[in-house]
There are 2 protein chains.
Amino acid sequence: MFSKACEYGIRASMYIALQSLEGKRVSLKEIAEEIDSPVAFTAKILQQLSRNKIVDSVKGSAGGFQIEKEQIKKIKLSEIVYAIDGDNVYVGCGLGLKKCNANKPCPVHDKFVAIRDNLKNMLESASLQEMTEGLEVGTTYLKR
Amino acid sequence: MFSKACEYGIRASMYIALQSLEGKRVSLKEIAEEIDSPVAFTAKILQQLSRNKIVDSVKGSAGGFQIEKEQIKKIKLSEIVYAIDGDNVYVGCGLGLKKCNANKPCPVHDKFVAIRDNLKNMLESASLQEMTEGLEVGTTYLKR
DNA sequence: AGAAATTCGGATAAATTTATCCTGTTTATG
DNA sequence: CATAAACAGGATAAATTTATCCGAATTTCT
C-alpha cells in the first residue's frame, strides 16, 4: 500500500506527536528505537518531513524533533503520505494505465476509484491527534 | 497498490480472456502489444500464471495462451493477484508492523482493515468474465 | 525431415527502493 | 571556549523489482 519510507514516516510522526504532547523533544535515535526502524534511513525520512513542515527539527545538543500542539491537531495522515510518497496513492490507474479516466477507463476503473476514495477520505480525516489517543492509553502500538 | 508484474498479469489475463471468448489463442507478442507491456517481462508473468493454472499455454508453432470459457467465468481477480503478488495485499499491517492484529493493533489498524476488506471483496467478486464485457463493447480499455 | 513459430527457463542487466556511512554544521552546556 | 550531542546532506552500498537476452524444447506446416 505505502512504501517502507512512508510507513516509517507515519510511525515516526505519530511517536513525535505523542512525545510532543508531553512537552518532550525527541532524538532520531530514540525515534528509531521506539518505532523499530533503521536509524539512518529514518533520518532521511525525517529530513523530508522537516522540509515539508510536518515536523520541526532542532539542531545541536538537546536538539531533536517535535511537532507543535496546534499542528498535531491539524496534521492529517494524508499530508504525511503526500510528503513522502507523493500522490501515487490517490492518482493513477489500478492497472497501471497512464491515461485511465472516467472517459476511457480500464475495466476496474470505477471499482478502484471507489476504494481509493475510501482510503483518501480515511487519510484526510485521520489527524495525528486522533492517532496519539490510543498510544497514550496503551491500546495501540507503534512497534511489534 | 499492486506491483507492475501484477498489473501486467491482470491486463494480460483480461486480454487472453477476451480473445478466448472469440475462440482465439494469442501469442505473447500479441498480448504485449495489446496491453502495452514489455514483452520479455510479460513472458515471465505468463509463466507464473500458467503454473498457477490461471491461463493455459500451448507450445510450438500456432501455440500461445488461452483460457477456457468455463474458467473465464470462474476466475476472479483475487486469484490473479494472489498468483503474482501473494497475499501481500490482504495480509500485513498498513504501517508495516510485523505483528499487528486486533489484539495489539497499530493506530490505524481498524481503518485499514475496513479498506482492505473492501478491496478484498472487490477482487474476490470481480470475474474475468465480467471484466471482458466492457472490453467487448468498447467501453473499457487495456492500454492508453 | 527441415524450417518456422512459439513457449520455457536460466542468466544477466537496469532501475528503483531501502539502507548505511561519513563529514560537516549547529547548539547547549560545563 | 571546548566539547559533546544532535541534525543535514552527500556518497555509497545492498536488496528488490523490473526488464532483457538467449539457447533449448515443443509443435505445426510444408
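Please read these numbers as outputs of a predicted model, since none were measured by experiment.
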In this structure, how many angstroms lie between the P atom of C:dT7 and the CG atom of B:L49, rounded? 14 Å
Give each protein N/O atom lying under 3.5 Å from an N/O atom of nucleotides 28-30 of chain C, with the pair distance.
{"residue": "C:dA28", "atom": "O4'", "partner": "A:S61", "partner atom": "O", "Å": "3.3"}

Distance check: side-chain N/O of B:Y8 vs OP1/OP2 of D:dA19, anything under 4.0 Å? yes
What do you reckon, is OH of A:Y90 surrounded by more than 12 foreign heavy atoms closer than 6.0 Å? yes
Round to a whole Å and report the spacing from CD of B:E33 to P of C:dT6. 11 Å
Any B:R51 side-chain N or O less than 4.0 Å from OP1/OP2 of C:dG9: yes
Round to a whole Å and report the spacing from CD of A:Q48 to P of D:dG10. 13 Å
So B:K44, base contact, sugar-phosphate only, or nothing? Heavy-atom distance under 4.0 Å. base
Please pick, from C:dT7, D:dA19, D:dC7, the nucleotide with the shortest atom-to-atom distance to any side-chain atom of A:F65. D:dC7
Nearest-Å distance, CG (B:L46) to P (C:dG9)? 13 Å
Strand contacts (DNA chain D) in residues 10-25 of chain B, 4.0 angstrom heavy-atom criterion: none
Verify the ring-centre separation between A:Y15 and A:Y8: is it less than 6.0 angstrom? no
Taking the side chain as everything from C-beta on, heavy atoms only, tell me whether A:S20 gets closer than 4.5 Å to A:I72. yes
Residues, nucleotides or ligands: over 12 heavy atoms within 6.0 Å of A:K143 NZ: yes
So does B:K120 have more than 12 non-hydrogen atoms from other groups sitting under 6.0 Å from NZ? no
A:I45 CD1 to C:dT20 P, in whole Å, measures 11 Å
Separation of D:dG9 C1' from A:L28 CG (nearest whole Å): 14 Å
Do NZ/NE/NH1/NH2 and the carboxylate oxygens of B:E130 and A:K111 come within less than 4.0 Å? yes
Measure from the side chain of B:S27, starting at C-beta and using heavy atoms only, and say which of C:dA19, D:dG9, C:dT7 lies closest. C:dT7
Report yes if a side-chain nitrogen or oxygen of B:S50 is closer than 4.0 Å to either non-bridging phosphate oxygen (OP1 or OP2) of C:dT7; otherwise report no. no
Specify the separation, in whole Å, of atom CD of A:E7 and atom C1' of C:dA19. 15 Å
With respect to the side chain of B:K4, which nucleotide from D:dT20, D:dT18, C:dA19 is positioned closest? D:dT18
Please report the distance, rounded to the nearest Å, between CZ in A:F41 and P in D:dA13. 18 Å
Looking at the side chain of A:P38, which of C:dT20, D:dT18, D:dG9 is the nearest nucleotide? C:dT20
Considering only NZ, NE, NH1 and NH2 on the basic side and carboxylate oxygens on the acidic side, decide whether B:K76 and B:E79 come within less than 4.0 Å. no
With respect to the phosphate group of C:dT7, does any side-chain polar atom (N or O) of B:Q47 fall under 4.0 Å of OP1 or OP2? no
Tell me whether the count of non-hydrogen atoms from other residues, nucleotides or ligands lying under 6.0 Å of CD in A:E68 goes above 12. no
Between the side chain of A:D56 and the main-chain N/O of A:F65, is any donor-acceptor distance below 3.5 Å? no
Can you tell me if B:R144 uses its side chain to pair, donor with acceptor, with the backbone of A:C100 under 3.5 Å? no
